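Working notes for the structure below.
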Amino acid sequence: MKNSIEFSEKEGGFYWGNIYWGKNKKVAEFDAKKFKEFINQSPEEIKQACYKEGRLNHIIRAEHFDLSFLETICETARAARKVAKLEDKSIKKLLSSKSVLNFFAQPSQRTFLSFSLAEAHLGMRREEVRDIRTSSFSKGESEKDSLRTISSYFDALVCRNPSDIYDLFAVWVMKNSDREIPVINAGSGKREHPTQGILDYYTVRESFKGELEGRTFVYVGDCARGRTVHSLAKIMALHKGTEAYFIAPEELQIDEETEKYIVERGTKVFKETKPLKELINLADVVYMTRIQDEHGGEGEYNQDYVFSLEMLELMKEGSILMHPMPKRDEIDPRIDYLKKHPKVMYWRQQRNGMWARVALLAYVFGVDEQIRKHYQRMKV
Ligand code: ASP
């Protein structure tokens with residue numbers, strides 16, 4: 001990466017990496033250069049920066065996960081669900097001394113609500129900022145200073161942002177502050193949605209009773225900009241013998257960097273433009289996505305890639321249909337009216353999201369083991 005910062009200037013302020021660095025060019029340059037030093041480190045150094053005392057502290061990228069971390073989260077999610085159902089109070093006390101800010105600078109329904117509810121389940125105090133204009137940018141405050149302020153009030157930050165590097169930016173800010181609070185990436189730009197990756201993994205793991213080796217995933221739609229596709233494909237590459245088919249028109253195909261990453265870890269990759277119908281019988285998991293037209297281009301969905309009602313029958317016995325949601329016209333509307341169809345997983349996938357996030361927050365604050373142990377004691 002070059003060393004000069006090419007700012008874009010809007011309304012007298014300086015932007016780089018889709019992040020606002022304030023109104024003064026000298027200050028903006030000084031700060032942005034420091035951040036650049038941080039992101040120019042090797043992926044391994046960045047990963048280590050996200051750890052604290054041997055545990056993952058900042059949950060920002062799927063590539064930082066390993067199978068033992070994922071198993072811990074899944075076991076905790078299962079235990080939390082049972083404990084909360086049977087005796088809500090014991091789980092509520094766990095994080096009642098902690099506070100969290102849900103800082104969502106992009107639209108969100110599921111992720112926002114499920115985080116908010118997960119925090120409530122654990123008894124956390126929570127605040128939200130959903131409209132970036134209510135922060136001090138309008139007064140010329142840089143996003144760096146604004147985030148640092150958050151670290152002096154809260155014990156954790158859950159953030160969603162259109163910038164592809166906002167997660168790294170938030171970690172960098174926290175590492176420079178005197179209170180390094182955990183950062184949880186609730187979706188950054190087009191590349192990462194690690195907590196969706198975790199909840200998708202939890203859903204897949206529950207569906208296949210933990211038998212995940214050699215599974216075939218068929219990702220359909222906007223594989224280029226669907227950040228959930230990137231996160232899940234990276235996570236599944238941790239399992240041996242996984243195959244990933246990406247079905248999309250050329251311009252919406254998976255990017256080379258992600259392809260290389262998962263191929264290097266042993267996943268067989270097939271980039272396809274054939275109609276979904278021709279490949280559907282190969283899938284253990286069909287993962288549909290919408291066109292991410294908020295990033296530009298046409299929103300028109302290719303009819304060859306629509307999941308029709310008939311396809312449920314063409315899918316293998318025991319296979320599942322997933323979607324990170326929101327969906328539009330890429331799934332046949334008749335499918336929503338089938339009650340408890342064993343292959344239709346996207347509504348259950350949403351519900352799983354809340355429990356996966358309970359588990360994740362518990363893990364970040366080191367109370368996950370208490371939940372699992374409590375559940376064990378309840379069982380005997
Ligand atoms: N909700 C997911 C996300 O935030 C999927 C989507 O919006 O299409 O990336």
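Only a predicted model underlies this, so the values are computations on that prediction, with no experimental measurement involved. Counting starts at 1 for both ligands and their atoms, following the listed order.
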Report yes or no: does Gly187 have a heavy atom closer than 4.0 Å to ligand 1?
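Checking ligand 1 against Gly187, which is what was asked, there is no heavy-atom contact under 4.0 Å.
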Would you say Arg160 contacts ligand 1, with heavy atoms under 4.0 Å as the rule?
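Flag set, Arg160 near ligand 1.
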Judging by distance only, is a nitrogen or oxygen of Gln292 under 3.5 angstrom from one on ligand 1?
yes
Among all protein heavy atoms, pick the one closest to [atom] and tell me residue, atom and distance.
| atom | result |
| --- | --- |
| atom 9 (O) of ligand 1 | Arg227 NE, 2.8 Å |
| atom 1 (N) of ligand 1 | Met325 O, 2.9 Å |
| atom 8 (O) of ligand 1 | Arg290 NE, 2.8 Å |

Qualifying residues under ring pair (Phe, Tyr, Trp, His ring centres under 6.0 Å), relative to Phe154, sequence neighbours excluded:
none
Nearest heavy-atom neighbours spanning [X] and [Y]:
| X | Y | value |
| --- | --- | --- |
| Ile150 | Leu157 | CG2-CD1, 4.1 Å |
| Asp164 | Arg61 | O-NH2, 3.4 Å |
| His121 | Ile91 | O-CG2, 3.3 Å |

Enumerate the atoms of ligand 1 whose separation from the nearest heavy atom of His193 is less than 4.0 angstrom.
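Those of ligand 1 that fall under 4.0 Å from His193 are 3 (C), 4 (O), 9 (O).
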So if I apply the side-chain hydrogen bond (donor to acceptor under 3.5 Å, both in side chains) rule between Tyr201 and each of Glu206, His239, Gln196, which one comes out positive?
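Of all the options given, the one that passes is His239.
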Could I get the full list of salt bridge (Lys or Arg N to Asp or Glu O under 4.0 Å) partners for Lys82, not counting sequence neighbours?
none
